[in-house]
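Shown next, in structure tokens, is the structure this report addresses.
The model shown is predicted, which means the values in this text are computed figures rather than measured ones. Protein chains get the first letters and strands the later ones, always in sequence-line order, with residue 1 at the start of each.
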Protein chains: 2
Amino acid sequence: MRPQSDSNNPRDLPSGENLDRDARALYDALNQLIRVHQFRDRDRICGYDLSVAQCYALETLVHQGPLRLQGLASEMYLDKSTASRVVDALVRKGHVDRVADPVDRRAALIRPTVQGEALYQTIRADLIAEERAMLEGLTPDMRQAALTLIRQLTQAAHRRCGPGPGTLSSVEDET
Amino acid sequence: MRPQSDSNNPRDLPSGENLDRDARALYDALNQLIRVHQFRDRDRICGYDLSVAQCYALETLVHQGPLRLQGLASEMYLDKSTASRVVDALVRKGHVDRVADPVDRRAALIRPTVQGEALYQTIRADLIAEERAMLEGLTPDMRQAALTLIRQLTQAAHRRCGPGPGTLSSVEDET
DNA sequence: CATTTACGTTGCAGGTACCAACTAAGCTGC
DNA sequence: GCAGCTTAGTTGGTACCTGCAACGTAAATG
């Protein structure tokens, strides 16, 4: 439906024509990247007796501080019932605990335990080591560019993804 | 908490020190990106009465042509039993079919039906439109750079993580 | 031909996910 | 204060995804 104006030099086009082609390429590339990371993370995290969802929840709690269940669910794009069960599992394993919210006795604040925080840091260090290995083949310039681009892509996707309840904004950290 | 070797000048270091920091940043950025995409894909694909795994299988079959179950499982980093069930679902929905392998009567070749191929193209077009919208804010140069980097990251991760659970073949590493 | 190996399916167990229904607690209106 | 509604979280039910183990069948090997 979008005819490639191949009569002209395809490199000089003002970013209108190649957009489709780049979009296709990006879709495929991102697909690959996401799948590889997904499975790598899963296998690696399972070695620590955590599921991926549990690890994600723990990570969210470590980063965002104590959260109510609803907040955690929003942050994870999950139903509150699913979040509840994930928290159950983490409580059973001793990685988080529920404390009564002082201002609302219906609510419970969920926060990582010392053990949970330590476990998360261990896993994080492990995964970061993987990223580190991947980055070793890139020049510092390229690494910076990669970061910038990935963040922009995330921002764009997040904006479009629409009503993200918690609006996770934990992207910006050390410069 | 990581001991920064601050006794030295951090600006002159030959990319050894900043590597850690970049690795951390990459981990976080990739995390965000993957999550956003994951949920976006899930919601979007579910609108077509396909699960993500089913869509991934269909995509693999469309891209790679007819595959045996084992090949599909390897491609998806899944156990063959899981792949079998995913294929079951796709067969039930009429998106793929199994044909007997002419040279091996144990095996079955799985291939998309016309309907399955059409469905995949529809979904793909939909998802690509999303990527396209995301790319609109980037310059052509940045888009190219993003592609290159994402592919390199994928390559690196793929090399490191190796094949998934269901894979027994295709990894002859002679030690 | 018997054994071994490979392909795929099925049984089992556990995780993930949603919706809907439920309990408990807060908040309104009277 | 107590109905009645809303909100926070839990639980039941259902369905899917996933891997491991155990099969049946077919090919390969001796």
Rounded to whole Å, CG of B:Leu50 lies from P of D:dC16 at a distance of 12 Å
Going by ring-ring contact (aromatic ring centres under 6.0 Å, His included), name the pairs with one or both residues in residues 104-154 of chain A, residues two or more places apart or in two chains. A:His63-A:Tyr120
Can you see whether A:Lys93 engages A:Gln115 through a side-chain donor-acceptor pair at a distance of less than 3.5 angstrom? no
Upstream residue (5' side of DNA chain D) when A:Arg68 and B:Val52 are each assigned their closest nucleotide: A:Arg68
Quick one: A:Asp79 CG to D:dG13 C1', roughly how many Å, whole number? 13 Å
OP1 or OP2 of D:dC17 sitting under 4.0 Å from any side-chain N/O of B:Thr82? no
NE2 of A:His37 to CD1 of B:Ile34: how many Å apart, nearest 0.5 Å? 5.0 Å
Nucleotide D:dC16, atom P - distance to CG of B:Asp88 in whole Å: 12 Å
With sequence neighbours left out, write down each residue that passes side-chain hydrogen bond (donor to acceptor under 3.5 Å, both in side chains) with A:Gln32, or none if nothing qualifies. none
Taking the six-membered ring of B:Tyr77 as reference, does the cationic atom of A:Arg35 (NZ for Lys, CZ for Arg) lie under 6.0 Å from its centre and within 45° of its axis? no
Phosphate contact (D:dG9 OP1 or OP2) by A:Arg98 side-chain N/O below 4.0 Å: no
Interatomic distance where CG belongs to A:Leu90 and C1' belongs to D:dT10 [whole Å]: 16 Å
Is there a path from B:Val91 to B:Ile110 through hydrophobic residues (I, L, V, M, F, W, Y) whose side chains come within less than 4.5 Å of each other? yes
Within the 4.0 Å heavy-atom criterion, would you say B:Arg85 contacts the bases, only the backbone, or no part of the nucleic acid? base
Which letters describe nucleotides 22-30 of chain D, given B = protein heavy atom under 4.0 Å from base, S = only from sugar-phosphate, - = neither? ----BS---
With heavy atoms under 4.0 Å as the rule, sort A:Ala108 into base, sugar-phosphate or nothing. sugar-phosphate
Please report the shortest heavy-atom distance between B:Leu58 and B:Leu119, naming the atom on each side. CD2-CD2, 4.4 Å
Joining Ile, Leu, Val, Met, Phe, Trp and Tyr whenever any side-chain heavy atoms lie under 4.5 Å apart, the cluster holding B:Val114 also takes in none
Find the distance A:Asp101:CG to D:dA8:C1' and express it as a whole number of Å. 10 Å
Please, which pairs that meet ring-ring contact (aromatic ring centres under 6.0 Å, His included) have at least one residue in residues 90-109 of chain A, sequence neighbours excluded? none
Assign A:Ala89 to base, sugar-phosphate, or nothing according to its heavy-atom contacts below 4.0 angstrom with the strands shown. nothing
Give the first and the last nucleotide of DNA chain C, reading 5' to 3', that has any atom under 4.0 Å from a heavy atom of chain A. C:dG15 to C:dG26
Closest-nucleotide mapping onto DNA chain C: is A:Ala53 or B:Ala107 further toward the 5' terminus? I mean the 5' end. B:Ala107
